[in-house]
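Each remark here refers to the structure printed beneath this line.
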Amino acid sequence: MQRFFIFTLLSSIYLSAHASDPVPDTSEECLECQSQMQQLQDTWTNETTVEDILKEMQANCKEYKFLKREVCDKIAEVFVQIPPALFEGMEDLAWPIPEAMCATIHKCEVQCCGADSPPEQVHLSLASSDRSLMGVTWVSLNQTASVVQYGLSASDLSSSQSGSLDTYTSAGWVGTIHRATMVDLQPSTTYFYRVGDGNIWSEVFSFTTLTPGQTVTYAVIADMDFGEASDGTVSDLVSLVENGDIQAVIHSGDISYADGYEPHWDVFFNKIEPIASRVPYMVTPGNHEFWYNFSAYKHRFTMPGVLDGGGSGDNMFYSYNIEHAHFLACNSESPIDTPQFSDAELEWMEKDLTNVDRSSTPWVIAHFHRPMYCSSDHACIGGSGGAEYLLSKAEDVFYSHSVDLVLQGHVHSYERTYPVYQQSRVSTSYAAPGAPVYVLQGASGNREGNKGSYPPQEELPEWSAATHVDVGLALLTVSADQIQWKYYSSSVTGESPQGPVLLDEFTLTR
């Protein structure tokens, strides 16, 4: 742990000496828009809801003396496009309202980072089925080349690969997204690397490739934001990475809670950089990524299928193998914030699962955002959130192809099922269970908070095995003959610090 604090201190010194902050947009158009928005915001009270704002703007745009009709109409248009299901969650949007609204209607630009800042937001991914490759993605303001240098020591980065450039302009975001792929990597080897444009470089990071046949441990999280609510979880993840206890992270949707204010994506990626620059960070989309048709999500990640085809080709759904497990990374979202497994995705699921070689990957694990099995929440079975719809689309697919474990998020709590099919408990044993086990883990820390307590266990469905409402993370360990799962509460800092506490565990065997 001491080594980590020294590393963090040196990194902070490096960045403060070389980085600059994003430059605010001071154009006349932007400042005028913000002034108008501030005057509108001043008319709101703590009781004003998003729906109230929308109704007022639709009715009175032409009456506002301080708000130009063009700006008023564009802002109202933005609110009209927001699905009603998001209104409640938007009441506590972490937006700087004048700037964010003016950026949304493209009256202001928001920069990712400073013009002379080194590359930032560095994150790794298993971007291909070829395990001798490792993908790396990062952000700069305006560098015009993408280069990764890597080697066997920090002082000998003798290999180099050039990559590609990308960007998007949703909500006024200005930045350059860089992708590159390290090739010819050997198993069981620690590599050091840096990224840049050939002149300005990031700090040097490192990662270790897997040993063929090894047992692999993943950190499993979901619904984790850019703010202080995730501090404990992020601190625990950093410690796990520093100690070599995890080899990858699986984040099943609701990534950052930027909710359309693009700089919060930048804050989030910088926050997780000590984790994602060291181990692959694998993701699936959640409903909070729906803004602008998932534009930020699609551009900022490099999941399997982007480089070598397969799945959706744009990070939305894909599959990958890591040692003893085949992972099915699914998209449970529609562009209008409703649950959905599209027909194209379901067809892909069938084909992908049919082709799984159980002799090399004996375990099959699916992960996505919205839950199919959970209890005691509007998004769960018996509620209005679409769990039954998702079950009707995919449960038979998972059951018929003997999927072993399904990881879900969205509801901000933890719940583990017994092996279950068609809402009936198949077994209370996890030894050769005969049906998938579903785990809800949407409790990794976000501004909306976790749900309240569950009813007593005897009042829950027979298939519900364990519930918790603590902010936390899970460790998933997969070997050739078993899957071990452990759920921990996240560390608590402050006056009464407390480390991670084990809350639940089970082991799947053949």
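Just so it is clear, the model here is predicted, and its values are computed rather than measured. For this chain, numbers begin at 1 and follow the sequence in order.
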Among residues at least two apart in sequence or on other chains, which ones pass side chain to side chain contact (heavy atoms under 4.5 Å, CB included) with V279?
V241, V249, I275
Non-neighbouring partners of P98 that pass side chain to side chain contact (heavy atoms under 4.5 Å, CB included), sequence neighbours left out
Q34, M37, Q38, Q41
Set of side-chain hydrogen bond (donor to acceptor under 3.5 Å, both in side chains) partners for [X], sequence neighbours left out:
X	value
S27	D25
T217	T477
S342	none

Could you check whether any side-chain heavy atom of [X] comes within less than 4.5 Å of a side-chain heavy atom of [Y], counting everything from C-beta outward?
X	Y	answer
L157	R194	yes
L185	Y191	yes
V478	V216	no
I255	Y297	yes
C30	K107	no
V406	H367	no
V220	L476	yes

For [X] against [Y], the heavy-atom pair lying closest together:
X	Y	answer
D308	S128	OD2-OG, 3.0 Å
G385	P339	O-CG, 3.6 Å
F341	M372	CE1-SD, 4.2 Å
Y218	I246	C-CG2, 4.4 Å
K451	S376	NZ-O, 2.8 Å
T215	S479	OG1-CB, 3.3 Å

Please check if the side chain of [X] supplies one atom and the backbone of [Y] the other of a donor-acceptor pair under 3.5 Å.
X	Y	value
S277	H123	no
S230	V234	no
N331	M316	no
D470	G472	no
N315	M303	yes
R370	L390	no

Less than 3.5 Å apart, any donor N or O on the side chain of [X] or [Y] sitting next to an acceptor on the other?
X	Y	value
E99	Y261	yes
N287	E333	no
H251	Y281	yes
D314	S312	yes
Y438	R416	no
T208	T190	yes
Q441	S444	yes
Y257	D223	yes
N450	S413	no
N293	S295	no
Y168	E262	yes

Between D504 and K486, is there a side-chain N and carboxylate O pair less than 4.0 Å apart?
no
Check ion pair R300-D266 (N to O, under 4.0 angstrom):
yes
Set of salt bridge (Lys or Arg N to Asp or Glu O under 4.0 Å) partners for D254, sequence neighbours left out
none
Using the test salt bridge (Lys or Arg N to Asp or Glu O under 4.0 Å), find all partners of E228 that sit at least two apart in sequence or belong to another chain.
none
Atom [atom1] of [X] and atom [atom2] of [Y]: how far apart are they, to the nearest 0.5 Å?
X	Y	atom1	atom2	value
I365	W363	CD1	CH2	8.5 Å
S453	H468	OG	NE2	13.0 Å
L473	L475	CG	CG	6.0 Å
S252	Q408	OG	CD	9.0 Å

How are the rings of F269 and W265 set relative to one another: parallel (under 30°), tilted (30 to 60°) or perpendicular (over 60°)?
parallel
Distance SG-SG for C102, C33 less than 2.5 Å:
yes
Yes or no on ring-ring contact (aromatic ring centres under 6.0 Å, His included) for F294 and Y292, after CA distance, side-chain angles and deciding distance?
CA-CA 6 Å; F294 302 90; Y292 319 113; over 10 Å; no
How would you list, by chain and number, every residue that makes a disulfide (SG to SG under 2.5 Å) with [X], sequence neighbours excluded?
X	result
C112	none
C374	C380
C113	none

Do W291 and W173 pass the ring-ring contact (aromatic ring centres under 6.0 Å, His included) test, and can you show the C-alpha distance, the side-chain angles, and the key distance before you say yes or no?
CA-CA 13 Å; W291 295 81; W173 188 75; over 10 Å; no
Can you check salt bridge (charged side-chain N to carboxylate O under 4.0 Å, His left out) on K298 and E289, steps first, answer last?
CA-CA 9 Å; K298 290 177 179 178; E289 285 76 79; over 6 Å; no
Sequence neighbours excluded - ring pair (Phe, Tyr, Trp, His ring centres under 6.0 Å) pairs with any residue from residues 220-250:
F226-H264
In a check of ring-ring contact (aromatic ring centres under 6.0 Å, His included) between Y193 and each of Y150, F205, W201, which one passes?
F205
With a 3.5 Å cut-off and sequence neighbours excluded, list the donor-acceptor pairs that the side chains of residues 134-141 form with protein atoms.
residue: T137; atom: OG1; partner: T302; partner atom: OG1; Å: 2.8
residue: S140; atom: OG; partner: Q143; partner atom: N; Å: 3.2
residue: S140; atom: OG; partner: H178; partner atom: NE2; Å: 2.7

Can M224 and N446 be said to form a side-chain contact (heavy atoms from CB on, under 4.5 Å), step by step?
CA-CA 5 Å; M224 190 176 83; N446 64 74; over 6 Å; no
